[in-house]
Amino acid sequence: MSVEQKEERATAVVLLSGGLDSMVTAAIAKERGFSVQALTLDYGQRHRRELESAKRIAGQLSLDNQVQLALDMRAFGGSALTADIDVPKEGVGDDIPVTYVPARNLVFLALTIAFAEAAGSRDVFIGVNALDYSGYPDCRPEFIASFAETARLGTKAGVGGAPFAIHTPLQNMTKADIARECERLGLDPAWSWSCYDPADDGSACGKCDSCRLRLKGFAEAGLTDSTRYAA
């Protein structure tokens, strides 16, 4: 690809947590021809390993830029990921779990839109999923649609007639579908990190909701997750 062709590519900003879903989403954005910049939020989460994974993914995918922004949500608490609350290990239930971080995607998408507007991008990618997930309200399609309208009304670009497109390529996929996409795109699952409560030896616990959903997806897809698990 020539310099001229590269400069003509539209820029997309991907919210890159370091998890499997965000890794697959970033790869899809690249596959669609975008020049990809990533935003990673250090929000004081207990599973700090995902920040290392986000940096690794950005390097492995040769993303054009990665910005890591500190936003310590431990000051609010209210979640097993930002406070001294045990991470549930009993299995995925029907209620919104204690690993829900209050308004996390609402805050994160606002920051991603700000980054995109500053970068001259009108395309934002986020790896939310509404099928095999833990019941988080900020992963649902109605929330994404509502936020896109809020961004249109609340930004210079939006009121100027250049609204943002919020892409959710994994929205209607099962975890098995996402595992298959990971395989199709040639990604190593071990580049990513999903566990909420890593074991002392650095392996994924295998028992938290996130581990259970991930393992279930790979098993249903008939694929192997190369991540090291304690259980």
Side-chain angles (χ1 to χ4, degrees), residues 10 12-34 36 38-41 50 53-54 57 61 63 91-97 99-101 103-110 112-113 116 121-152 163-189 191-196 208-225 227:
V13 173
V14 177
L15 185 57
L16 184 66
S17 68
L20 176 69
D21 294 355
S22 72
M23 176 176 72
V24 171
T25 298
I28 289 173
K30 279 205 68 174
E31 185 180 53
R32 292 183 183 178
F34 286 99
V36 178
L39 177 63
T40 300
L41 279 301
E50 70 175 6
S53 293
I57 292 164
L61 297 182
L63 301 187
V92 182
D94 295 326
D95 298 327
I96 297 174
T99 50
Y100 163 74
V101 178
R104 180 174 63 181
N105 281 347
L106 184 67
V107 173
F108 284 12
L109 266 176
T112 308
I113 291 290
S121 170
R122 296 296 173 266
D123 293 277
V124 165
F125 281 74
I126 181 172
V128 292
N129 173 255
L131 295 182
D132 290 345
Y133 74 122
S134 293
Y136 300 145
D138 52 4
C139 289
R140 296 169 181 166
E142 53 268 36
F143 163 70
I144 298 297
S146 174
F147 191 90
E149 176 63 6
T150 297
R152 184 185 71 81
F164 298 90
I166 302 180
H167 303 268
T168 56
L170 311 186
Q171 185 77 76
N172 297 311
M173 290 187 185
T174 64
K175 285 294 184 186
D177 292 333
I178 295 169
R180 293 187 190 100
E181 276 293 275
C182 182
E183 173 83 1
R184 182 187 69 81
L185 292 161
L187 308 174
D188 183 347
W191 294 344
S192 66
W193 185 263
S194 302
C195 181
Y196 289 152
C208 68
D209 286 3
S210 187
C211 281
R212 287 176 186 269
L213 289 169
R214 176 170 170 148
L215 286 166
K216 176 175 177 283
F218 276 92
E220 290 179 350
L223 297 170
T224 300
D225 183 354
T227 301

Please tell me if the side chains of [X] and [Y] come closer than 4.5 Å, counting only heavy atoms from C-beta onward.
X: Pro169; Y: Phe125; answer: yes
X: Thr227; Y: Arg214; answer: yes
X: Ile144; Y: Leu109; answer: yes
X: Phe143; Y: Leu106; answer: yes
X: Leu61; Y: Leu187; answer: yes
X: Ile96; Y: Pro137; answer: yes
X: Ile126; Y: Phe108; answer: no
X: Tyr196; Y: Cys211; answer: no

Euclidean distance, [Y] [atom2] relative to [X] [atom1], rounded to 0.5 Å:
X: Ile166; Y: Arg152; atom1: CD1; atom2: CZ; answer: 12.5 Å
X: Thr174; Y: Glu220; atom1: OG1; atom2: CD; answer: 6.5 Å
X: Leu15; Y: Thr25; atom1: CG; atom2: OG1; answer: 9.5 Å
X: Lys30; Y: Leu63; atom1: NZ; atom2: CG; answer: 6.5 Å
X: Leu20; Y: Leu170; atom1: CG; atom2: CG; answer: 8.5 Å
X: Arg104; Y: Cys139; atom1: CZ; atom2: SG; answer: 7.5 Å

For residues [X] and [Y], report the shortest heavy-atom separation together with the two atoms involved.
X: Ala26; Y: Val36; answer: O-CG2, 4.4 Å
X: Gln171; Y: Asn129; answer: O-ND2, 3.7 Å
X: Ser121; Y: Val13; answer: OG-N, 3.9 Å
X: Gly19; Y: Ser192; answer: C-CB, 3.6 Å

Looking only at atom types and distance, does a side-chain atom of [X] sit under 3.5 Å from a main-chain N or O of [Y], one as donor and one as acceptor?
X: Ser210; Y: Ser194; value: yes
X: Ser22; Y: Gly18; value: yes
X: Asp225; Y: Phe218; value: no

* To do: Carefully, step by step, assess Asp138 and Phe147 under the rule side chain to side chain contact (heavy atoms under 4.5 Å, CB included).
  => CA-CA 10 Å; Asp138 52 4; Phe147 191 90; over 6 Å; no

* With a 4.0 Å cut-off, would you call Asp177 and Arg180 a salt bridge? ->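 Salt bridge present between Asp177 and Arg180.
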
* Tell me, with the steps shown, if Val14 and Phe34 meet side chain to side chain contact (heavy atoms under 4.5 Å, CB included). => CA-CA 10 Å; Val14 177; Phe34 286 99; over 6 Å; no

